[in-house]
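Order of appearance sets the numbers: ligands from 1, and atoms from 1 within every ligand.
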Amino acid sequence: MLTAMMLAGFFFLLFLSADGMHSEQNCSYQDVLNHLKMTKTNELYSMTRPVKNHKRSTRVALEVLLFAILDVVEKDQKFIPYVWTVMRWHNEYISWDPNQFCGIDNVSLPAETLWKPDLTIEEMIEKDKAPATLYITMNDKGFVEYHNDLVLVSTCRMRVYKFPFDIQKCNLSFKSFTFTIKDIRLQASDNSSEATEWSRDLMRTQYEWLFINLTVTAINGTELVDQDIIVYTITMKRRSALYIVNFLVPVLFFLCLDLSSFMISDAGNEKLSFKVTVLLALTVLQLILNEILPASSNMIPLIVIYCIGIFALMLLSLVETIFVMYLMEKDAASQDKETDQDGSLREDCIKHCKANFNSCHEDVQKWTQATFIYNVSGGETPPEQVPAAKQVRMKLHFN
Ligand SMILES: *[C@@H]1O[C@H](CO)[C@@H](O)[C@H](O)[C@H]1NC(C)=O
Ligand SMILES: *[C@@H]1O[C@H](CO)[C@@H](O)[C@H](O)[C@H]1NC(C)=O
Ligand SMILES: *[C@@H]1O[C@H](CO)[C@@H](O)[C@H](O)[C@H]1NC(C)=O
Ligand SMILES: *[C@@H]1O[C@H](CO)[C@@H](O)[C@H](O)[C@H]1NC(C)=O
Ligand SMILES: *[C@@H]1O[C@H](CO)[C@@H](O)[C@H](O)[C@H]1NC(C)=O
Ligand SMILES: *[C@@H]1O[C@H](CO)[C@@H](O)[C@H](O)[C@H]1NC(C)=O
Ligand SMILES: *[C@@H]1O[C@H](CO)[C@@H](O)[C@H](O)[C@H]1NC(C)=O
């Protein structure tokens, strides 16, 4: 009897627990969707703005974080960042009680199932090539969250006046494509300091550019401009060390080289060709610079002035060398004439001397004095003149 009762109790307990399990059958995400009558073909959720009264606007909270600065092309005024965006808004048709569904409080589903705000970026000049995020998350109170990663190819006006010590500011202005403030109110979820801090934590690659801060500016729509705009201004600083080492210092070195070429002897064309080579090397560096800097800059960048200044100095020294060489050549030509005259005098003298040494001695003295006078008046000593005089004297002594 006792065992029978125990058995009955056991079965009763079993039945109870089975019933308990039965009461928690709505435990899958699909149950939530069934409850909401949400299917892929149900367009109630994806076609129109999810409000029960069209006069109510949808508040969209936007969060943008900078993940990487991929490229900055000064020449094309292009700025390519990689950003994370999160949009949050309320869908009035979605709600369920998590207690009825095993505590499920959020469900992810394909992004095309639900309505999304059509946010766009004013500065974007190329369609985003990265695949759009496939899933969208909604919670039991109807708040929907949509994450998206974007590789943005955007325009940005760069000021390269202080290149390579410049700081650039690039704007990303988010706004709705079609909806006005009657339909969509945009809000930024974080302020500038939060956005900067989080971006700094997130930042992975920033090879040439050093991220400084991210400023959030909300421009509320008015009657004139009937859309809310949120402007994210990314401030970044160029790492200039490489440009100093690769550009500024070499240019200075070329100038030093050019100056040091003054120590090369004036004879021959070596000095001239050396200077021309150095000048050409500088021209190559200038070509590289030309490739980096945009042609549209109003003010001539300081670095270009620096380059042109050094180029002008080197040009001046080249012209000076050419001028000196010209003078020397002219000088040598007039000297050749004189040495010819001197040579004939010398030969006459030697002939004469062989005949009569004593009378010749006076002649030689006269001639040497003439040379000396030439020395003093000419200033520069003609190199061949002096040894020739010595030779003559030695020959005379031998004779
Ligand atoms: C499970 O969901 C269906 C449909 O919404 C509902 O009829 C049923 O009562 C739910 N079951 C429980 C135990 O909540
Ligand atoms: C979504 O639900 C899962 C499991 O219930 C939970 O771990 C997660 O934190 C929830 N996410 C959000 C955004 O509520
Ligand atoms: C960026 O946005 C700010 C705020 O609207 C504006 O003052 C600034 O002129 C913009 N800069 C550029 C380069 O458009
Ligand atoms: C930004 O928000 C944080 C937290 O909400 C707050 O502590 C901080 O003071 C805010 N900063 C500014 C500049 O408003
Ligand atoms: C961001 O940095 C720039 C340049 O250093 C500065 O002028 C600006 O005030 C900063 N903005 C914020 C919000 O800190
Ligand atoms: C824009 O509107 C929001 C609320 O809608 C308000 O908090 C903010 O101060 C407004 N900003 C400006 C510049 O009017
Ligand atoms: C002029 O020539 C003589 C020839 O021997 C030389 O000794 C002298 O130093 C020269 N004078 C000058 C000013 O170069």
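- By the definition of a contact as any protein heavy atom under 4.0 Å away, atom 14 (O) of ligand 5 is in contact.
- Considering only non-hydrogen protein atoms, atom 11 (N) of ligand 4 sits nearest to Asn191 ND2, 2.9 Å.
- Atom CZ of Phe177 sits in a sparse spot, with 12 or fewer heavy atoms from other residues, nucleotides or ligands closer than 6.0 Å.
- Proximity of atom 9 (O) of ligand 4 to the protein is not indicated, since no non-hydrogen protein atom lies closer than 4.0 angstrom.
- In this structure, Asp228 and Lys175 have side chains that are not in contact, with every pair of non-hydrogen atoms separated by 4.5 Å or more.
- Of all atoms in ligand 4, numbered sequentially from 1 with element shown, those under 4.0 Å from a heavy atom of Ser193 are 1 (C), 11 (N).
- Closest protein heavy atom to atom 7 (O) of ligand 5: Lys169 NZ, 4.3 Å.
- When the heavy atoms of Asn213, Ile167, Ile234, Ile212 are ranked by distance to atom 1 (C) of ligand 5, first place goes to Asn213.
- Here is the list of ligand 3 atoms found below 4.0 Å of a heavy atom in Val231: 2 (O).
- Under 3.5 Å, the side chains of Asn171 and Ser173 contain no donor-acceptor pair of N or O atoms.
- For ligand 3, the polar-atom distance check finds no N/O of Thr217 at less than 3.5 Å from any of the ligand's N/O atoms.
- The 12-atom threshold is not exceeded at CZ of Arg157, counting heavy atoms of other residues, nucleotides or ligands nearer than 6.0 Å.
- Nearest protein heavy-atom neighbour of atom 5 (O) of ligand 4: Glu194 OE2, 3.3 Å.
- In terms of protein heavy-atom proximity, atom 4 (C) of ligand 5 is nearest to Thr235 CG2, 4.1 Å.
- Around atom CD of Glu197, no more than 12 heavy atoms belonging to other residues, nucleotides or ligands sit under 6.0 Å away.
- Ranking protein heavy atoms by distance to atom 3 (C) of ligand 3, first place goes to Asn171 ND2, 3.5 Å.
- In the hydrophobic clustering of ILVMFWY residues, with side-chain heavy atoms under 4.5 Å counting as a link, Phe163 and Val249 come out together.
- Both tests do not hold together for Lys237 against Phe165: distance to the six-membered ring centre under 6.0 Å, angle to the ring axis within 45°.
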